[in-house]
There are 2 protein chains.
Amino acid sequence: MVANNKDISSFLKTHGLAGTIIRKQVLSHLWGDGVALTQKEIEEKLPPETDRVTLYRTLRLFTEKGIVHKIVLNGETQKFKIAGRFRKSDHAHFYCTKCHKLLCMPQLDVDLSDLPEGFQFSSARLVVEGICDTCSQKNQTQTQ
Amino acid sequence: MVANNKDISSFLKTHGLAGTIIRKQVLSHLWGDGVALTQKEIEEKLPPETDRVTLYRTLRLFTEKGIVHKIVLNGETQKFKIAGRFRKSDHAHFYCTKCHKLLCMPQLDVDLSDLPEGFQFSSARLVVEGICDTCSQKNQTQTQ
DNA sequence: AAAGCACTTGCAACACGGTTGCATTTTAAT
DNA sequence: ATTAAAATGCAACCGTGTTGCAAGTGCTTT
């Protein structure tokens with residue numbers, strides 16, 4: 001639980017969603033900059049009696065509403081992340097393979113001038129992997 | 001069947017793989033520039049009695065050997081495509097939403113100079129969607 | 001061309017996540 | 001507190017990933 005209950009409740013209300021227990025729990029775990037979790041990872045953080053269908057529906061709802069983004073890493077794992085101030089999931093992301101944070105990087109946006117003649121752009125998805133600034137500064141062994 | 005049997009057989013041999021019927025069939029359907037298919041799409045093109053496990057293992061083998069690339073579109077659909085001369089699946093791809101071709105676009109590669117101070121690059125995946133040059137020229141109604 | 005071996009396939013079976021329908025419970029508005 | 005609307009929990013189904021194993025096939029050697 002990173003953010004307090006008030007914050008999350010009003011956040012849900014802002015987006016026209018009822019403030020149910022599971023939704024608050026899910027949001028509280030996704031709260032914080034760079035936090036990105038798999039559905040499984042979220043499931044493991046919730047009380048064990050939580051129904052997997054409800055979690056599935058919650059995440060689907062959040063994704064539809066644009067509250068969270070689904071991002072695919074290395075063509076395999078799908079992570080969920082609070083959308084923050086970026087409405088569209090179009091912008092670039094940076095995934096740190098050390099601390100497993102997923103950061104928005106709109107400054108990395110694709111240079112469309114390199115698009116060959118005749119090609120029309122519609123959308124782009126870019127995920128860059130590497131080591132983030134925090135992790136490369138601390139050269140000490142660092143877990144999580 | 002786009003390529004002839006000889007081509008495909010020698011292609012398999014080159015990569016140290018036995019030239020079995022299914023492998024040839026799968027390759028023949030993936031042959032050609034820009035062709036990218038879902039596992040389901042491939043399955044539908046094969047004889048109906050084909051075992052799904054065998055197809056699964058064939059595609060896994062091809063992917064491991066680097067013969068085909070797996071590319072994820074819009075964070076959902078996973079397509080297979082012959083790797084061609086690009087060994088790493090790192091380079092950018094362009095997906096045409098009209099003709100559903102998936103083209104390699106190494107010229108679109110990410111501009112890493114925009115990476116903020118302290119960030120270390122390791123790999124990147126970029127998929128651009130839009131309409132390809134061929135499709136935007138033919139403004140007539142065009143299917144597939 | 002035939003034999004033998006390693007590799008491949010087909011089948012059965014299980015795991016697991018996505019998905020739906022419906023009855024029950026909870027939320028939020030009155 | 002009442003009530004309607006929305007969310008949840010449960011059972012159940014589907015499709016795909018994955019494995020083990022027996023049977024079949026491709027390929028090399030003679």
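Residue numbering restarts at 1 for every chain, and letters A, B, ... go by the order of the sequence lines. Values reported hereafter were calculated over all heavy atoms of this structure, with side chains retained and with hydrogens, waters and symmetry mates removed. All figures in this text were calculated on a predicted structure; none of them were measured in a lab.
Judged by distance alone, the side chain of Ser123(A) and the main-chain N or O of Glu129(B) form no donor-acceptor pair under 3.5 Å.
Applying the side-chain contact (heavy atoms from CB on, under 4.5 Å) criterion to Lys101(B), with sequence neighbours excluded, gives Cys99(B). With sequence neighbours excluded, the residues satisfying side-chain contact (heavy atoms from CB on, under 4.5 Å) with Thr50(A) are Ile22(A), Leu46(A), Pro47(A). Applying the salt bridge (charged side-chain N to carboxylate O under 4.0 Å, His left out) test to Lys81(A) and every residue at least two apart in sequence or in another chain returns nothing. Considering only residues two or more places apart in sequence or on other chains, Asp114(B) meets the side-chain contact (heavy atoms from CB on, under 4.5 Å) condition with Leu108(A), Asp111(B). Looking at residues two or more places apart in sequence or on another chain, you find no salt bridge (charged side-chain N to carboxylate O under 4.0 Å, His left out) involving Glu43(A). Phe94(A) is linked by a ring pair (Phe, Tyr, Trp, His ring centres under 6.0 Å) to Phe119(B), counting only residues two or more places apart in sequence or in another chain. For Val53(B), the side-chain contact (heavy atoms from CB on, under 4.5 Å) partners two or more places apart in sequence, or in a different chain, are Asp51(B), Arg57(B).
Atom CZ in Phe80(B) sits about 12 Å away from atom P in dT16(D), given to the nearest Å. Atom CG in Leu59(B) sits roughly 9 Å away from atom P in dG17(D) (whole-Å rounding). In this structure, the CZ atom of Arg60(B) is 7 Å from the C1' atom of dT18(D), given to the nearest Å. Atom CD in Glu44(B) sits about 12 Å away from atom P in dG15(D), given to the nearest Å. Atoms CD1 (Ile22(A)) and C1' (dC10(D)) sit 13 Å apart, rounded to a whole Å. Atom CD of Gln39(B) is separated from atom C1' of dT18(D) by 12 Å (rounded to the nearest Å).
Within the helix from dA1(C)-dT30(D) to dT30(C)-dA1(D), the inter-axis angle between the opening and closing five-pair segments is 40°, rounded to 10°.
Once you apply a 4.0 Å limit to the heavy atoms of chain A, the touched nucleotides of DNA chain C run 5' to 3' over dG17(C) to dA28(C).
A salt bridge links Lys79(A) with Glu41(A): the closest approach of a Lys/Arg side-chain nitrogen to an acidic carboxylate oxygen falls below 4.0 angstrom.
Transitive grouping of hydrophobic side chains (ILVMFWY, heavy atoms separated by less than 4.5 Å) brings Leu55(A) and Ile8(A) into a common cluster.
For Lys40(B) and dG15(D), the shortest distance from a side-chain N or O to OP1 or OP2 is not below 4.0 Å.
The shortest distance between side-chain heavy atoms of Asp33(B) and Leu103(B) falls below 4.5 Å.
Proximity of residues 46-58 of chain A to DNA chain D (heavy atom under 4.0 angstrom from any strand atom) is restricted to Asp51(A), Arg52(A), Val53(A), Thr54(A), Arg57(A).
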Counting primed atoms plus P, OP1 and OP2 as sugar-phosphate and everything else as base, spell out the protein contacts along nucleotides 22-30 of chain D at 4.0 Å heavy-atom distance: B, S or - for each nucleotide, 5' to 3'. ----SS---
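With side-chain heavy atoms closer than 4.5 Å counting as contact, directly or through intermediates, the hydrophobic cluster containing Val72(A) also holds Val72(B).
Between His100(B) and Tyr95(B), the angle of the ring planes lies from 30° to 60°, which puts this pair in the tilted group.
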